Each structure stands twice: as C-alpha cells, then as structure tokens.
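What follows is a single structure, written as structure tokens, with notes after it.
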Amino acid sequence: QLQLVESGGGLVQPGGSLRLSCAVSGFTLNYAAVAWFRQAPGKGREGVSCIASDDDTTNYADSVKGRFTVSSDNAKNTVYLQMNSLKPEDTAVYYCAADLGSYCDSRISLSYYDYWGQGTQVTVSS
C-alpha cells in the first residue's frame with residue numbers, strides 16, 4: 001500500500017522556523033516526484049514546492065521562494081520542507097503528495113499528484 005505521512009507541524013512565532021517531514025512507503029523516491037501543498041481555512045489547496053527524482057530539480061511558489069527549502073533523503077524515503085522566516089499567512093494545513101514519475105510539474109498543480117498524506121497543521125502566531 002502506498003502511503004505518505006507528514007509530521008513536524010506545530011505552533012511557531014512569526015520569523016521562526018519549522019521543518020516538516022514526509023515519510024514515504026510502498027514506493028521509492030528514486031522514481032517519484034513529491035510536492036508540498038497547503039490549505040488555509042476557507043481557501044483552496046495551494047502548491048508550495050516540489051522536488052524531482054530525475055535530476056534533483058526543485059520548484060517553489062513565489063510566495064515561499066527564498067524562505068522555504070525542499071530536500072530529500074532517498075535512502076530514508078523521506079522528503080523535508082525547511083520553512084524559515086515564517087509569516088502568519090503561512091498558517092495552513094500542509095500536505096505532501098507524490099506522482100510516480102521523475103519530474104515535477106512546473107505549476108505544482110493539484111491534479112498532477114496521485115497520492116496524498118493526511119496533512120500536518122502549521123500555525124504562525126505571536
């Protein structure tokens with residue numbers, strides 16, 4: 001059974017940092033693209049970042065570029081999202097998702113990804 005499990009969410013003050021983890025089972029990251037999405041209350045699900053197994057290319061939404069960094073440890077089948085300089089508008093449920101291919105879609109589109117985790121809550125507040 002294919003499965004993705006997010007962890008690492010929590011409450012952090014503005015300007016603080018969190019690292020989210022996405023543990024993957026049932027397939028290998030060597031043959032997948034993994035993306036991070038987020039959804040704030042009353043909002044649609046928004047693409048945040050993607051990392052490709054093809055050649056380690058990454059994509060970021062403009063809203064997080066320069067603050068967030070996605071990385072992977074293929075030996076551990078885990079993808080990470082390092083979030084720095086957090087803002088209140090980053091508050092959302094964060095999801096990881098996978099496509100069983102080797103490339104990220106340039107738009108980090110919702111429909112591209114077939115498998116989803118359960119989400120982890122990130123709250124940025126003073």
Side-chain angles (χ1 to χ4, degrees):
Q1 184 177 358
L2 306 181
Q3 188 174 0
L4 298 87
V5 179
E6 303 94 335
S7 62
L11 175 65
V12 64
Q13 294 184 347
S17 297
L18 283 174
R19 189 182 74 161
L20 305 183
S21 298
C22 175
V24 171
S25 61
F27 62 96
T28 174
L29 292 176
N30 292 332
Y31 301 100
V34 175
W36 289 94
F37 292 80
R38 65 186 183 184
Q39 187 166 20
K43 303 292 185 180
R45 198 164 296 185
E46 172 191 22
V48 174
S49 184
C50 181
I51 185 165
S53 61
D54 171 47
D55 57 359
D56 294 325
T57 56
T58 57
N59 292 329
Y60 297 93
D62 289 341
S63 59
V64 307
K65 193 172 298 182
R67 300 188 297 120
F68 291 10
T69 303
V70 65
S71 62
S72 65
D73 186 335
N74 288 3
K76 297 180 179 179
N77 270 8
T78 301
V79 173
Y80 304 96
L81 184 67
Q82 179 66 46
M83 305 185 294
N84 299 325
S85 302
L86 283 162
K87 306 173 181 179
E89 50 263 45
D90 295 318
T91 296
V93 177
Y94 283 71
Y95 301 87
C96 62
D99 173 67
L100 298 184
S102 301
Y103 301 93
C104 290
D105 64 312
S106 60
R107 302 291 180 266
I108 318 178
S109 300
L110 197 68
S111 61
Y112 187 78
Y113 300 92
D114 299 316
Y115 304 98
W116 292 80
Q118 83 291 344
T120 185
Q121 177 70 48
V122 173
T123 302
V124 185
S125 176
S126 60

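Below, each value reflects all heavy atoms present in this structure, side chains not excepted, and no hydrogens, waters or symmetry copies. Values in this document were obtained by computation on a predicted structure and should not be read as measured data.
Put simply, the side chain of Asp114 never gets that close to the backbone of Ala98: no donor and acceptor are under 3.5 Å apart. A donor-acceptor pair is defined here as one N or O able to donate and one able to accept, closer than 3.5 Å; such a pair exists between the side chain of Thr91 and the backbone of Val124. Distance alone, capped at 3.5 Å, places no donor-acceptor pair between the Ser109 side chain and the Ser111 backbone. Of the possible donor and acceptor atoms, one in the side chain of Arg67 sits under 3.5 Å from a partner among the backbone N and O of Ser85. Although no hydrogens or angles enter the test, the distance criterion places no donor-acceptor pair under 3.5 Å between the side chain of Ser63 and the main chain of Ala61. With hydrogens and angles ignored, the 3.5 Å screen pairs a side-chain donor or acceptor of Glu6 with a backbone N or O of Gly119.
A distance of 9.5 Å separates CG of Leu18 from CG of Asn84, quoted to the nearest 0.5 Å. The CE atom of Met83 sits 8.5 Å away from atom OG of Ser17, with the distance rounded to the nearest 0.5 Å.
The two atoms that bring Ala92 and Ala40 nearest to each other are CB-N, 3.8 Å, heavy atoms only. Here the shortest heavy-atom pairing between Ala35 and Ile108 reads CB-CG2, 4.0 Å. Across all non-hydrogen atoms, the minimal contact from Leu2 to Gly26 is CD2-O, 2.9 Å. The shortest heavy-atom contact between Thr120 and Gly8 is OG1-N, 4.3 Å. Looking at every heavy atom in both residues, Ser49 comes nearest to Val70 through OG-CG1, 3.1 Å. Minimum heavy-atom separation, Phe27 to Ala32: CE1-CB, 3.8 Å.
Every pair passing disulfide (SG to SG under 2.5 Å) that includes a residue from residues 84-126 is listed here, sequence neighbours excluded: Cys22-Cys96, Cys50-Cys104. Residue pairs meeting the salt bridge (charged side-chain N to carboxylate O under 4.0 Å, His left out) criterion with at least one partner in residues 92-110, sequence neighbours excluded, do not occur; the list is empty.
Between Trp116 and Tyr95, the ring planes are perpendicular. Angles over 60° get that label, and only those under 30° would be called parallel.
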(request) Apply side-chain contact (heavy atoms from CB on, under 4.5 Å) to Trp36 and Ile51, showing your working. (result) CA-CA 9 Å; Trp36 289 94; Ile51 185 165; over 6 Å; no
(request) List the steps, then state whether side-chain contact (heavy atoms from CB on, under 4.5 Å) holds for Tyr94 with Leu81. (result) CA-CA 10 Å; Tyr94 283 71; Leu81 184 67; 4.3 Å; yes
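Ion pairing of Lys87 with Asp90 is absent here, as no side-chain N (NZ or NE/NH1/NH2) approaches a carboxylate O to less than 4.0 Å.
Take Tyr113 and apply the ring-ring contact (aromatic ring centres under 6.0 Å, His included) test, not counting sequence neighbours, and it matches Phe37.
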